[in-house]
2 protein chains.
Amino acid sequence: MTAEVRRVRGRRRTLDEEQILDAALSLLASRGADSVSVRGIASQVGVAPNAVYTYFPDKASVVRALAERILGEIDHGAFDDRDLPWRERIHALAADLRARLIARPGAIDLLLAGPLDGPNALALVETLLAILADAGLSPDDAARASYLLIVHSLGSIALEVAELDRPGPVLPEEQRVLRRQAALRAVPADRYPRTASAADVMAGSITTEQFTWGLDRVLDGLSVQRSSEAKQHPPDHPLRG
Amino acid sequence: MTAEVRRVRGRRRTLDEEQILDAALSLLASRGADSVSVRGIASQVGVAPNAVYTYFPDKASVVRALAERILGEIDHGAFDDRDLPWRERIHALAADLRARLIARPGAIDLLLAGPLDGPNALALVETLLAILADAGLSPDDAARASYLLIVHSLGSIALEVAELDRPGPVLPEEQRVLRRQAALRAVPADRYPRTASAADVMAGSITTEQFTWGLDRVLDGLSVQRSSEAKQHPPDHPLRG
DNA sequence: ACCTGAACACCGTTCAAGT
DNA sequence: ACCTGAACACCGTTCAAGT
């Protein structure tokens with residue numbers, strides 16, 4: 001019955017887990033993933049390095065909590081409007097995730113540092129499964145599809161972030177494309193003829209537009225598979241609702 | 001005319017770049033990505049830590065060279081048989097890449113640590129573009145498609161490696177699925193009903209079979225896009241050849 | 001119970017010195 | 001030209017001690 005934790009003896013807590021994660025997030029935003037160190041966090045909150053170990057057993061668990069917290073910023077309620085077409089809902093969810101992770105380079109490294117098995121990661125999967133069920137996919141198809149969509153989204157983000165000059169402030173998309181364009185135009189056409197002549201298109205692969213295009217191709221692929229394997233419910237006409 | 005570099009004065013080189021990369025690769029295989037340190041490499045080749053800086057300007061360039069070397073292991077010649085169906089050629093290429101990177105956990109982190117702009121990365125893109133051209137895609141479509149395929153492949157691999165208990169030896173696929181299954185079966189069904197009831201299917205998402213399935217969905221998506229935008233050349237009947 | 005100081009075993013990198 | 005020893009500024013983590 002006593003859910004409250006008794007802290008009778010000894011010093012009061014000067015911090016809590018959230019303040020530690022706040023500090024870590026601010027370091028991540030300002031100076032990149034490498035600066036998210038136990039010592040850096042400690043000095044950010046004004047405490048000795050080893051005081052962090054009062055709240056987390058090791059650095060890995062701080063990183064896990066940080067990844068969870070970033071995923072927790074997503075408002076799942078924004079994507080469960082079943083009146084909207086399911087493709088739109090998935091696009092909105094993916095775009096939201098991408099915008100958040102690109103804005104905080106280094107965050108994707110934290111997410112990919114371990115299994116995505118926290119409550120907020122599971123909530124994200126659950127939301128995706130709900131949308132895919134509304135789209136008419138069977139539970140098994142929806143499970144496979146949700147993983148494929150996560151692979152596409154996180155994979156795109158990881159490749160896009162890998163192009164950044166780390167660390168440093170995030171340049172606007174247009175400038176990043178121009179840099180990539182310059183690099184790709186320097187590709188020797190004698191050795192890489194196809195790459196060289198497609199340089200400008202390849203440079204655009206890190207844009208929002210191409211991310212959306214790729215997502216549409218994946219969704220097309222899922223629709224093809226669905227319509228050929230389960231003809232009893234045609235596309236965009238879910239059985240339920 | 002004198003392509004040979006003159007080394008008249010001073011000590012002879014006791015090493016070369018390749019030996020450094022050999023040592024780094026063996027560390028990567030035996031003790032994971034974290035152990036690929038300048039000091040670790042140096043002691044592996046039996047030299048003082050700072051001797052590495054004779055061959056590489058900094059650690060980042062060692063990592064770049066290492067990523068390039070891993071991509072260089074792929075035998076592109078194995079995928080340019082134009083008598084084989086293009087889907088098969090892409091599957092073979094992706095499967096080869098995946099097998100190499102899963103066998104060496106940590107390698108995917110090195111690849112995603114910076115831009116994929118080295119000679120071997122470009123050669124990989126060039127090979128993909130050639131296959132996609134054989135498939136009948138326009139140069140622009142092929143460029144977009146090649147990036148999408150790389151995103152899917154590297155994204156799958158990154159998520160799969162993130163599930164591993166790092167560091168340590170790579171468990172066989174079946175055992176990794178069983179571990180994941182156990183974790184997913186523990187998901188509370190009241191809060192995550194869809195995830196919980198799809199636990200066994202979700203557990204299989206890190207398998208070769210699911211990787212292949214996902215790749216097929218992406219390829220389906222590309223085919224849909226191609227057949228609706230360019231009906232002049234039907235699927236699996238390239239214009240050329 | 002929580003925080004500190006000090007220490008241990010690392011890390012990347014630089015610099016002056018030796019050959 | 002190449003390698004070394006020593007140093008600098010880090011890192012994660014542990015441990016005994018103080019309140």
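All chains are named by letter (A, B, ...) in the order of the sequence lines, taking the proteins before the strands, and each is independently numbered beginning at 1.
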request  = Apply side-chain contact (heavy atoms from CB on, under 4.5 Å) to B:A23 and list each qualifying residue two or more places apart in sequence or on a separate chain.
outcome  =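 Result, side-chain contact (heavy atoms from CB on, under 4.5 Å) vs B:A23: B:I41, B:Q44, B:V45.
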Scan [range] for pairs that pass salt bridge (Lys or Arg N to Asp or Glu O under 4.0 Å), counting only residues two or more places apart or in two chains.
range                       : value
residues 171-181 of chain B : B:R98-B:E173, B:E160-B:R176, B:E163-B:R180, B:D165-B:R179
residues 62-71 of chain A   : A:E18-A:R69, A:D22-A:R69
residues 28-54 of chain B   : none
residues 103-118 of chain A : A:E73-A:R104, A:D109-A:R166

Which nucleotide sits closest to the side chain of [X]: [options]?
X     : options              : value
A:T54 : D:dC3, C:dC2, D:dG12 : C:dC2
B:A48 : C:dC3, D:dT13, D:dT4 : D:dT4
A:L15 : C:dC3, D:dG12, D:dC3 : C:dC3

What integer distance in Å separates [X]:[atom1] from [N]:[atom2]?
X     : N      : atom1 : atom2 : answer
B:D16 : D:dC3  : CG    : C1'   : 16 Å
A:I20 : D:dG12 : CD1   : C1'   : 15 Å
A:L27 : D:dC10 : CG    : P     : 14 Å
B:D58 : C:dC11 : CG    : C1'   : 15 Å
A:Y53 : D:dA16 : OH    : P     : 17 Å
B:F56 : C:dT14 : CZ    : P     : 16 Å

Query - B:K59 backbone acceptor or donor facing B:Y53 side chain under 3.5 Å - result: no
Annotated structure of DNA chain C as dot-bracket, pair cut-off 3.5 Å, Watson-Crick or G-U only, | for inter-strand, is ||.|||||...|||||.||
In numerical order, the residues of residues 28-44 of chain A whose heavy atoms come under 4.0 Å of DNA chain C are A:R39
(message) If the cut-off is 4.0 Å, is A:T14 near the phosphate of C:dC3, judged by side-chain N/O to OP1 or OP2?
(response) yes
Heavy-atom nearest pair, B:A42 first then B:A48, reads CB-O, 3.6 Å
Sequence neighbours excluded, every pair satisfying ring pair (Phe, Tyr, Trp, His ring centres under 6.0 Å) that has a member inside residues 146-170 of chain A: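 Listed once each, the pairs are A:H152-A:F211.
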Contacts of B:D200 meeting salt bridge (charged side-chain N to carboxylate O under 4.0 Å, His left out) (sequence neighbours excluded), chain-then-number -> B:R185
